[in-house]
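As structure tokens, the structure follows; a few thoughts come after it.
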Amino acid sequence: ILNVEQSPQSLHVQEGDSTNFTCSFPSSNFYALHWYRWETAKSPEALFVMTLNGDEKKKGRISATLNTKEGYSYLYIKGSQPEDSATYLCAFLHNDYKLSFGAGTTVTVRA
Amino acid sequence: EPEVTQTPSHQVTQMGQEVILRCVPISNHLYFYWYRQILGQKVEFLVSFYNNEISEKSEIFDDQFSVERPDGSNFTLKIRSTKLEDSAMYFCASGAYEQYFGPGTRLTVT
């Protein structure tokens with residue numbers, strides 16, 4: 001069982017503020033890291049697939065960084081909006097394409 | 001935009017009954033998966049399927065579970081004799097390096 005940890009479990013952000021949270025994973029046998037955004041009753045939406053150490057990806061106000069040597073990734077939300085409220089899941093992609101998920105960080109943006 | 005679909009969205013069944021959860025993956029994808037999330041726990045891998053056979057399965061995927069691709073479009077998960085602990089949200093996904101998820105089927109076993 002591969003342990004993927006996310007912290008914090010939940011956070012509350014004021015609209016307009018920026019925030020970030022962490023995903024940690026074993027640094028050995030790294031293949032790729034996925035970030036998903038998941039709203040209740042909807043499909044988890046793929047945000048990023050990250051593979052290279054030092055990678056930084058951006059999608060609108062959301063960005064992510066990757067450190068494969070120390071086994072962590074940060075997700076950043078700049079200028080949070082109420083529509084950013086969701087659970088953000090990270091998942092370690094094994095080389096057989098199986099995903100091992102973290103427990104998620106639930107973000108609530110207060111207007 | 002192509003998407004993964006799942007039916008039903010919610011299934012309630014009695015303990016010991018058989019259930020079949022259905023998925024239509026994205027049409028040109030070759031790898032298919034089932035994952036589940038028990039309430040309050042992490043999303044867990046159950047099984048992956050490629051070239052009409054199981055390529056990988058977790059220890060959760062015991063003899064009570066089976067998967068099938070009965071035609072060119074559907075991908076099903078069958079639980080033969082449901083237990084209370086099978087109550088969970090079941091997600092289908094397709095893709096490989098990038099995976100696309102369906103909206104899930106919430107299975108409630110009473």
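Numbers restart at 1 for each chain; the letters A, B, ... are given by sequence-line order, proteins then strands. Quick caveat, the model's predicted, so the values are computed rather than measured.
Both A:Phe101 and B:Tyr97 are assigned to one and the same hydrophobic cluster, defined by single-linkage of ILVMFWY side chains at heavy-atom distances under 4.5 Å. No single ILVMFWY cluster, assembled from side-chain heavy atoms under 4.5 Å apart, contains both B:Phe75 and B:Ile20. Grouping the Ile, Leu, Val, Met, Phe, Trp and Tyr side chains by contacts below 4.5 angstrom, directly or via other members, places A:Ile62 with A:Leu33. Cluster annotation: B:Tyr90 and B:Phe49 are assigned to the same hydrophobic cluster (Ile/Leu/Val/Met/Phe/Trp/Tyr, side-chain heavy-atom contacts under 4.5 Å, transitive).
Nearest heavy-atom pair, A:Ala41 versus B:Pro103, reported as atom, atom and distance to 0.1 Å: O-CB, 4.5 Å. Listed here is the closest heavy atom pair of B:Lys42 and A:Glu5: NZ-OE2, 4.2 Å.
Interface residue A:Ala103: backbone and side-chain heavy atoms are both found under 4.5 Å from chain B. Interface remark: B:Glu56 contributes side-chain atoms only to the contact with chain A (heavy atom separation under 4.5 Å). Using a 4.5 Å cut-off between heavy atoms, B:Glu44 makes no contact with chain A at all. Contacts of B:Tyr50 with chain A are absent, with no heavy-atom separation under 4.5 Å from either backbone or side chain.
Taking a 6.0 Å sphere around CG of B:Asp71, one finds it holds more than 12 heavy atoms contributed by other residues, nucleotides or ligands. Other residues, nucleotides and ligands place no more than 12 heavy atoms under 6.0 Å from the NZ atom of A:Lys58. Within a 6.0 Å radius of CD in B:Gln14, other residues, nucleotides and ligands contribute 12 heavy atoms or fewer. By the 6.0 Å contact criterion, CD on B:Gln64 is enclosed, its count of non-hydrogen atoms from other residues, nucleotides or ligands being greater than 12.
Of the inter-residue distances, the one linking A:Trp38 atom CH2 with B:Phe91 atom CZ reads 4.0 Å to the nearest 0.5 angstrom.
A:Lys98 pairs with exactly one of B:Tyr33, B:Tyr31, B:Phe45 by the side-chain contact (heavy atoms from CB on, under 4.5 Å) rule, that one being B:Phe45.
Using a 4.5 Å cut-off on side-chain heavy atoms (C-beta onward), A:Tyr97 and B:Ser48 make no contact.
Contact count versus chain A (heavy atoms, under 4.5 Å) is highest, among B:Val43, B:Val47, B:Val4, for B:Val43. Between chain B and the residues A:Gly102, A:Ala91, A:Ala46, the most heavy-atom pairs under 4.5 angstrom are made by A:Gly102.
At least one donor-acceptor pair under 3.5 Å links the side chain of B:Tyr35 to the backbone N or O of A:Leu99.
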